[in-house]
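Worksheet: the structure to be examined is printed underneath.
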Protein chains: 2
Amino acid sequence: MHAEVPSTAGSSNPVPYGAAKARVVAAALDLFTEQGISGTSLQMIADAVGVTKAAVYHQFPTKEEIVVATVEVELARLGPTLDAAEAEPDHVLALDLLLTQVIDLAVGHRRMVVTLQHDPVVVRLLAEHAPFQQFMQRLFRILTGDDASPAARVRAAMVSTAIGGAVSHPLVAGLDDDTLRSQLHRLAGTFLGGPD
Amino acid sequence: MHAEVPSTAGSSNPVPYGAAKARVVAAALDLFTEQGISGTSLQMIADAVGVTKAAVYHQFPTKEEIVVATVEVELARLGPTLDAAEAEPDHVLALDLLLTQVIDLAVGHRRMVVTLQHDPVVVRLLAEHAPFQQFMQRLFRILTGDDASPAARVRAAMVSTAIGGAVSHPLVAGLDDDTLRSQLHRLAGTFLGGPD
DNA sequence: GTCTATATGAAGATAGAC
DNA sequence: GTCTATCTTCATATAGAC
């Protein structure tokens with residue numbers, strides 16, 4: 001049930017760098033999902049990892065840095081897709097590329113997405129976090145297709161929260177991942193390609 | 001900036017029942033919006049009201065009951081609209097009625113909606129709260145129009161989170177309320193009325 | 001990298017006076 | 001309805017040994 005954390009790809013060393021850090025982030029991600037950020041204590045994280053609070057503090061000087069690291073690990077999954085979408089000249093294809101990956105990520109995590117997306121602590125922390133801001137601007141630029149009109153902005157805002165929110169919605173709790181993915185992709189595509 | 005709390009309508013007494021309770025709920029709503037549920041302590045609420053923690057405990061035996069009361073007050077605003085929508089035989093008109101009111105409520109509160117909608121504490125609390133479940137079922141029944149197919153479920157889940165999420169989205173932070181309202185209404189209507 | 005031990009503060013909650 | 005005072009538990013955080 002723990003999310004995987006990327007290791008140093010291509011290294012011959014199986015546990016090369018930050019194995020302890022990675023364990024903390026993985027445990028934190030699970031707990032944040034279930035209890036929210038403020039509802040998760042360092043004690044809980046330490047217990048989940050199987051170490052003491054002091055050991056956790058040795059990896060991350062504050063709880064806030066754990067939160068930032070956790071969100072960054074998840075967002076990093078979108079990095080390559082964002083690169084590919086920006087390199088794609090046909091912006092309908094670019095949009096489709098991005099949509100597919102965002103939906104995959106959201107469906108794969110369901111409840112986690114909503115918490116990390118809307119928790120007031122996360123929102124405040126990431127608002128002060130420059131790399132995150134740039135990341136989001138790139139994402140929205142593809143979503144709006146360089147159209148800064150109110151209609152385009154509202155449309156992009158709706159679709160980006162609709163995907164994250166819908167995956168954890170009680171109405172779709174009974175749907176299997178494949179069905180949810182394909183419906184989300186179809187509906188989001190229609191919505192974004194619809195009339196102005 | 002404080003939200004109003006309904007008093008006993010039609011009473012000749014200006015502060016008839018639960019004035020103290022109402023002050024607590026109004027202060028809690030503001031704080032929950034800014035800090036989240038877990039990020040809001042009883043001390044903060046007491047300070048905002050201008051009394052001690054013990055006085056707050058006299059009104060609500062636990063913090064959880066403050067949360068439930070706060071959410072109930074907000075949801076109660078939708079009650080009359082839900083009645084009207086259910087009484088409307090033309091289900092396109094019923095949908096429009098509901099949409100207009102939900103958007104009004106969401107735009108009027110912006111940041112608050114997202115917190116109350118997605119906070120894990122609220123989600124857990126309301127999941128055990130029967131009146132809330134019934135309320136939501138009525139709402140979703142109008143949204144899906146008695147269609148329980150995966151397509152209809154995902155569509156309803158998307159639109160219900162899209163409205164709540166979009167109002168607090170950075171992309172629309174610069175839009176005035178009127179513009180946001182009309183765009184939301186137009187886009188949500190198109191989305192719900194679109195092809196299956 | 002992990003531990004024990006501890007400091008300091010704030011959390012939720014209660015008892016009982018006014 | 002509100003107060004003071006107090007309890008217990010848990011939080012974040014630090015110091016220093018292994």
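Just so we're on the same page: letters track the sequence lines, and every chain starts at 1.
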Length of the line joining Lys53(A):NZ and dA15(D):C1', which is rounded to integer Å: 14 Å

Evaluate the criterion side chain to side chain contact (heavy atoms under 4.5 Å, CB included) for residue pair Phe135(A) and Leu78(A); output intermediate values, then yes/no. CA-CA 9 Å; Phe135(A) 200 91; Leu78(A) 281 180; 3.8 Å; yes

From the set dT14(D), dT2(C), dC3(D), return the single nucleotide nearest to any side-chain atom of Val51(A). dT2(C)

In whole angstrom, give the distance that lies between atom CZ of Phe60(A) and atom C1' of dT2(C). 16 Å

By nearest atom, which of the nucleotides dT2(D), dG12(C), dG1(C) is closest to the Leu42(B) side chain? dG12(C)

Around atom CZ of Arg141(A), are there more than 12 heavy atoms of other residues, nucleotides or ligands at under 6.0 Å? no

Residue of the set Glu34(B), Glu74(B), Gln117(B) for which side chain to side chain contact (heavy atoms under 4.5 Å, CB included) holds with Met112(B): Glu74(B)

For dT9(D), does either OP1 or OP2 sit under 4.0 Å from a side-chain N or O belonging to Gln43(A)? no

Let me know the distance between NZ of Lys63(A) and P of dA11(C), rounded to the nearest Å. 13 Å

Can you check whether Asp177(A) reaches Arg110(A) side chain to side chain, under 4.5 Å on heavy atoms? yes

Atom-pair distance (CD1 on Ile37(A); C1' on dA11(D)), nearest Å: 16 Å

Rounded to whole Å, the CD1-C1' distance (Ile45(A) to dA13(D)) equals 14 Å

Look at all strands and tell whether Ser38(B) reaches a base, only sugar-phosphate, or nothing, counting heavy atoms closer than 4.0 Å. nothing

CZ/Phe32(B) to OG1/Thr115(B) distance, rounded to the nearest 0.5 angstrom? 10.5 Å

Measure the CD1-CD distance between Ile142(B) and Glu86(B) for me, rounded to the nearest 0.5 Å. 5.0 Å

Spacing between Arg23(B) atom CZ and dG1(D) atom P, to the nearest angstrom: 8 Å

The side chain of Ala54(A) is closest to which nucleotide in this list: dA5(D), dA15(D), dG12(C)? dA15(D)

If you assign each of His58(B) and Tyr57(A) to its closest nucleotide in DNA chain D, which residue comes earlier from the 5' end? His58(B)

Base, sugar-phosphate, or nothing: which does Ser41(B) touch, judged by heavy atoms less than 4.0 Å apart? sugar-phosphate

Under 4.0 angstrom between Thr52(B) side-chain N/O and dT2(D) OP1 or OP2: no

Parallel under 30°, tilted from 30 to 60°, perpendicular over 60°: which one fits the rings of Phe191(A) and Phe191(B)? perpendicular

Tell me the interatomic distance from Gln59(A), atom CD, to dC3(C), atom C1', rounded to whole angstroms. 14 Å

Can you tell me how far P of dA11(D) sits from CD of Gln35(A), to the nearest Å? 11 Å

Divergence of helical axes at both termini of the helix from dG1(C)-dC18(D) to dC18(C)-dG1(D) - five pairs an end, 10° steps: 10°

